[in-house]
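Note on naming: letters A, B, ... go to the chains in the order of the sequence lines (proteins, then strands), and numbering restarts at 1 for each one. Computation of the quantities below employed the complete heavy-atom set of this structure, encompassing side-chain atoms and omitting hydrogens, waters and symmetry-equivalent molecules. Remember, predicted model here, so these are calculated numbers, not experimental data.
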Protein chains: 2
Amino acid sequence: MNSYTEENYLKAIYKLVEQDGEAVSTNAIAEKMNTKAASVTDMLKKLSDKKFINYQKYQGVTLTAKGEKTALIIIRKHRLWEMFLVEKLNFKWDEVHDVAEQLEHINSDKLIEQIDKFLNFPKTDPHGDPIPDANGKLLTPKSKPLSAFNVSDNCLMMGVVDHSPSFLQYLDKMNITLGNEIKIKDIVEFDKSLQIIVNKKQTFFISNDVAKNILVKTK
Amino acid sequence: MNSYTEENYLKAIYKLVEQDGEAVSTNAIAEKMNTKAASVTDMLKKLSDKKFINYQKYQGVTLTAKGEKTALIIIRKHRLWEMFLVEKLNFKWDEVHDVAEQLEHINSDKLIEQIDKFLNFPKTDPHGDPIPDANGKLLTPKSKPLSAFNVSDNCLMMGVVDHSPSFLQYLDKMNITLGNEIKIKDIVEFDKSLQIIVNKKQTFFISNDVAKNILVKTK
DNA sequence: AAATAAATTTAGATTAGTCTAAAAATAATT
DNA sequence: AATTATTTTTAGACTAATCTAAATTTATTT
Ligand SMILES: [Mn+2]
Ligand SMILES: [Mn+2]
Ligand SMILES: [Mn+2]
Ligand SMILES: [Mn+2]
């Protein structure tokens, strides 16, 4: 099998490629992994030998089909565990990530398929992120940041961009949760901040920065 | 924190001390850990520096209070996870050990206390082994091997000594499960094999070796 | 097109955990 | 009590993952 470290590198590379849509740099990986570029270069050689990535010196890396599938299976495990923690063990959505970072490396096909079944085959995790299937296939939901919508648009809260506990706790305080209806009442010309109505009840002011990190679709 | 490897050494030492009731040897640890004596010596130095064990060259080792508590917390996690797998995820008692060997190293107090609550605070694991409490306190149940009982004794199945899948599967085939009533109908003089009646229904012949590995108490 | 800056790779060390082979200490036999 | 056998420790080496510092390559400026 692959080491805990190899799995984390694959996941980091997957997320960077997904985000940037092109070959990712040694430095970008180093930053994401909280390590040094020299360490990354060593690992890239190993992952390349194992056919997980396409790598040529100085040219950046992409994942091979094998590498992408491996990364997606780890992401599947991460998101299923997060869902389990929230649905069955009373964790809040801002508490699950660090534990899931450990649990995602547990190696047992039966375990993860039983967790999936136990949760009744959820499609998304507690943050609205889609859960890849057992073959590593992922359906990307077509949501966009709230900041891309206009006054009087009526939206459905689908997910978050920023996953940090502090952002998630801020949303809790505003009573903004997955599935909520968010209607844009006003957009301030000066700073693009928004006045929104959540579930036809509460009215809030949120900054454009916040709106950029809330994913919605038209209702 | 302590590494995965350190935790496994502590657990091995705990089990050997419990079994033999005295200081354990480097070789015994090496055998249990599937490693070499030289490697064990290195690790003993480290565990001693960290005050987990009492160690003097050539004299064998015992656990300090700190080491014992640490070992028992790991055993607590192992047994709670085994219980979770059986009770909630449809694992059989012969399938849980290897997965629990991984899960026992997950580091999250909230996780393990929520699992405990979710299972309604079980006292024993799927093999009848007692689950230490959150402080590492363990109540040893007073059961004895079936081989220590006599003809016409009526017993309650409490646990197993051997935890191997093959032994557990053999018990499944005989329909012998935790909580069953086992009455000794006859003991063969020649080889000490037993004729037993399980739950007042089925009669089986089992070898003395098997009887030594079934833990029971008088009903 | 040179010169300079930035990114990346290589070289050489370090740490945890492991190993083999040799040395030292303890235990068992004669 | 001396010899032999067993156990344990030490010495030195290896791998995975990491680091710093230096060398090399690529990108950006002048
Ligand atoms: Mn997460
Ligand atoms: Mn998530
Ligand atoms: Mn077990
Ligand atoms: Mn058990």
Exercise. A:Thr41 near the nucleic acid: base, sugar-phosphate alone, or nothing, with a heavy-atom cut-off under 4.0 Å?
Worked result: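 Here A:Thr41 touches the bases of the nucleic acid.
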Exercise. Hey, can you pull the residues of residues 53-62 of chain A with a non-hydrogen atom under 4.0 angstrom from DNA chain C?
Worked result: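 Residues of residues 53-62 of chain A that come under 4.0 Å of DNA chain C are, in numerical order, A:Tyr55, A:Lys57, A:Tyr58.
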Exercise. Among residues 17-33 of chain A, which residues get a heavy atom nearer than 4.0 Å to DNA chain C?
Worked result: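 Contacting residues: A:Ser25, A:Thr26, A:Asn27.
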Exercise. Under 4.0 Å between a side-chain N/O of A:Thr5 and OP1 or OP2 of D:dA16, yes or no?
Worked result: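 For D:dA16, neither OP1 nor OP2 has a side-chain N or O of A:Thr5 closer than 4.0 Å.
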Exercise. Are OP1 or OP2 of D:dT8 and a side-chain N or O of B:Lys36 less than 4.0 angstrom apart?
Worked result: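 No, B:Lys36 has no side-chain N/O under 4.0 Å of OP1/OP2 on D:dT8.
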Gap between atoms [atom1] and [atom2], on [X] and [N] respectively (whole Å):
X	N	atom1	atom2	value
A:Leu44	D:dA16	CG	P	16 Å
A:Met43	C:dT9	CE	P	14 Å
B:Leu47	C:dA16	CG	P	13 Å
B:Asp42	D:dA13	CG	C1'	13 Å
B:Asn8	C:dA16	CG	C1'	15 Å
A:Lys45	D:dT15	NZ	C1'	15 Å

Problem set entry | Minimum-distance nucleotide (side-chain atoms of B:Ser39 versus C:dT18, D:dT10, C:dA11) |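 Nearest to the side-chain atoms of B:Ser39, counting from C-beta on, is C:dT18.
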Problem set entry | Options C:dT9, D:dT18, C:dT18, nucleotide nearest the side-chain atoms of A:Tyr9 |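 Among the listed nucleotides, the one closest to the side chain of A:Tyr9 is D:dT18.
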For this session: Indicate yes or no for a side-chain donor-acceptor contact from B:Lys77 to the backbone of B:Ile112 under 3.5 Å, with no hydrogens or angles considered.
Result: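 Such a contact is absent between B:Lys77 side chain and B:Ile112 backbone.
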Exercise. So, does A:Asn135 use its side chain to make a donor-acceptor pair with the main chain of A:Lys137 at under 3.5 Å?
Worked result: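 No, the answer is negative, given that no donor and acceptor are paired below the 3.5 Å cut-off.
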Problem set entry | Within residues 103-146 of chain A or reaching into it, pairs that qualify as ring pair (Phe, Tyr, Trp, His ring centres under 6.0 Å) - sequence neighbours excluded |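 Of all non-adjacent pairs touching residues 103-146 of chain A, those that pass ring pair (Phe, Tyr, Trp, His ring centres under 6.0 Å) are A:Tyr4-A:His105, A:His127-A:His163.
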Problem set entry | Inter- and intrachain pairs under ring pair (Phe, Tyr, Trp, His ring centres under 6.0 Å), touching residues 63-94 of chain B, at least two apart |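 Residue pairs with at least one partner in residues 63-94 of chain B: A:Phe84-B:Phe84, B:His78-B:His97, B:Trp81-B:Phe84.
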For this session: May I have all residue pairs that pass salt bridge (Lys or Arg N to Asp or Glu O under 4.0 Å) and include part of residues 100-109 of chain A, sequence neighbours excluded?
Result: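 Matches after skipping sequence neighbours: A:Lys11-A:Glu101, A:Lys11-A:Glu104.
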Exercise. Residues in salt bridge (charged side-chain N to carboxylate O under 4.0 Å, His left out) with A:Lys192, at least two apart?
Worked result: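 Partners of A:Lys192 under the salt bridge (charged side-chain N to carboxylate O under 4.0 Å, His left out) test: none.
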For this session: Just jot down the salt bridge (charged side-chain N to carboxylate O under 4.0 Å, His left out) partners of A:Asp20, sequence neighbours excluded, or say none.
Result: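 For A:Asp20, no residue satisfies salt bridge (charged side-chain N to carboxylate O under 4.0 Å, His left out) once neighbours in sequence are set aside.
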For this session: Would you list the pairs meeting side chain to side chain donor-acceptor pair (under 3.5 Å) in which at least one residue belongs to residues 57-72 of chain B, sequence neighbours left out?
Result: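 Side chain to side chain donor-acceptor pair (under 3.5 Å) check on residues 57-72 of chain B returns B:Asn54-B:Thr62.
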Exercise. If you look only at pairs with a residue in residues 113-125 of chain B, which of them pass as a side chain to side chain donor-acceptor pair (under 3.5 Å), with sequence neighbours excluded?
Worked result: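 Qualifying pairs: B:Arg76-B:Glu113, B:Arg76-B:Asp116.
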